[in-house]
Amino acid sequence: MAPTLSRRVSIDGIDLSPPAPGRLLPPRAFVSPAVYEAEMRRIFDRGWVHVADLPELRVPGDFVASTIGTTPVVVVRTHDGAIRGFVNACRHRGATIAEGRGNCGRQLRCPYHAWSYGTDGRLIGVPSREEFEGCDLGDMNLLTIRTATAGPMVFGCLDAAAPSFEEWAGELPVALQRARGDEMELAFEYTYDVDVNWKVYVENGLEGYHVAIVHDVLNDFVETKTARHFFESWSSYTHAFIKPDYREMIPPLAHLSEEEKTYVRFGHVFPNLIPVLAPAEFSYLRIDPVAPERIRLVARSFDLGGDLAGLRDFRREAIDRTNQQDIGVVTRVQRGLRARGLPAGAHSSFLECRIGHFEQMVSHALAVDASDALPAAATARVETSILREAVLREAHRG
Ligand code: FES
Ligand SMILES: [Fe+2]
């Protein structure tokens, strides 16, 4: 893989060039504040990030405040029924105009000096407007961001030059459409604050190597050794077969093929979303970076309700139990990665191949912005197709 992706990337004295096959990025890449800051600018500011879910944006005025890396954003259901996204910063002096989620009625109103914006982002109210005489407020609307939906999820993107969401998310939008994901309701959610670098938690979600050792319920449920892996430019997927005992628990689903009822799709949408699509439900983990060694983990689960909600209680317990088991091991990883002088680790060629793919994407994204030789979009298009083939070759070598 190294010959095709030879550009050197170094931040804070840490070599972030694409690791050799089977090797990992250096431990300091998971603790360095400078690397973290570069990732916010070069990865999160430039990609598609999950920001909200449709069940919380049902009626006009519903809003969800979220973040894309370090940029606060707000997503709104407008009065003409569309989903719109904005940078969540007042154009007056920058206060966030929304926090949490709720319904704003016909306007988003800044709590500081009460500038107000329509749900389409237009500035519609300025108290004591005459005070701004001589200052053109005509272009002081909220800054718009790109939005896209897949199943019950809403994504946002700050970068006009980023690829389309369909290209970014790979097979997931179509799979969610087949599973009637946009009709799903929120069944339950958990949030956890965890002392790890965001990449450590993502990598844990990309591999089945630990499942038999760390997870009881998940290990009973899926077969990891026979899984199939799929790589896309900015996402990857593992299709893991459901063990026979559990297949009997799946309710009748006329909208899916027999084959689609046999496996669970564990995904990764770069940078920080781990979607998990099972035949009768959909869940995700979103890993929100908070600091170099801290994340907020958002776990949500959806289903079609009615009879299909019958397994909710089982799932609610199983997902929390599985998350707690993961938190137990990943926090140990983070503590170990602080060890002075620890060399880069290794990843296995089949069960952990998607970690290799992820670290290639991280390295690639950090390198793209470092170069001003080519327009960013062209660089990304050429090199990610090389990347995909290189990673596939490596995956098949195992
Ligand atoms: S900062 Fe929003 S109105 Fe002043
Ligand atoms: Fe796990």
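In listed order, ligands and their atoms are each counted from 1. No hydrogens, no waters, no symmetry mates; every other heavy atom, side chains included, goes into these values. Predicted model only: the values in this text are computed from it and were never measured.
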K.L.:
If we check salt bridge (Lys or Arg N to Asp or Glu O under 4.0 Å) with Lys199, which of these qualifies: Glu293, Glu39, Glu359?
P.N.:
Glu39
K.L.:
Quick check on contacts: which atoms of ligand 1 are under 4.0 angstrom from a heavy atom of Trp115?
P.N.:
3 (S)
K.L.:
Run Ser236 and Arg354 through side-chain hydrogen bond (donor to acceptor under 3.5 Å, both in side chains) and show every step you take.
P.N.:
CA-CA 7 Å; Ser236 67; Arg354 291 167 61 220; 2.9 Å; yes
K.L.:
Does any N, O or S atom in Cys90 come within less than 2.8 Å of atom 2 (Fe) of ligand 1?
P.N.:
yes
K.L.:
Given side-chain hydrogen bond (donor to acceptor under 3.5 Å, both in side chains), test Tyr192 with Asp320 step by step and report yes or no.
P.N.:
CA-CA 10 Å; Tyr192 313 82; Asp320 184 43; 2.7 Å; yes
K.L.:
Quick one: report the N, O or S atom of His92 that is nearest to atom 4 (Fe) of ligand 1.
P.N.:
ND1
K.L.:
In degrees, rounded to 10 degrees, what angle do Asp326 atom OD2 and His210 atom NE2 make at the Fe ion (ligand 2)?
P.N.:
150°
K.L.:
Counting from 1, what ligand 1 atoms have a heavy atom of Tyr112 closer than 4.0 Å?
P.N.:
1 (S), 4 (Fe)
K.L.:
Determine whether the aromatic ring centres of residues His92 and Tyr112 are separated by less than 6.0 angstrom.
P.N.:
no
K.L.:
Hey, which atoms in ligand 1 end up nearer than 4.0 Å to a heavy atom of Cys110?
P.N.:
1 (S), 2 (Fe), 3 (S)
K.L.:
Could you verify whether a donor N or O on one side chain and an acceptor N or O on the other, from Thr70 and Arg41, lie under 3.5 Å apart?
P.N.:
yes
K.L.:
For Thr119 and Thr78, which I'm curious about, is there any donor-acceptor pair between the side chains at under 3.5 Å?
P.N.:
no
K.L.:
Looking only at protein heavy atoms, which one is nearest to atom 1 (S) of ligand 1, and how far off is it?
P.N.:
Arg93 N, 3.4 Å
K.L.:
Would you say atom 4 (Fe) of ligand 1 has His113 as a near neighbour, meaning an N/O/S atom of that residue under 2.8 Å away?
P.N.:
yes
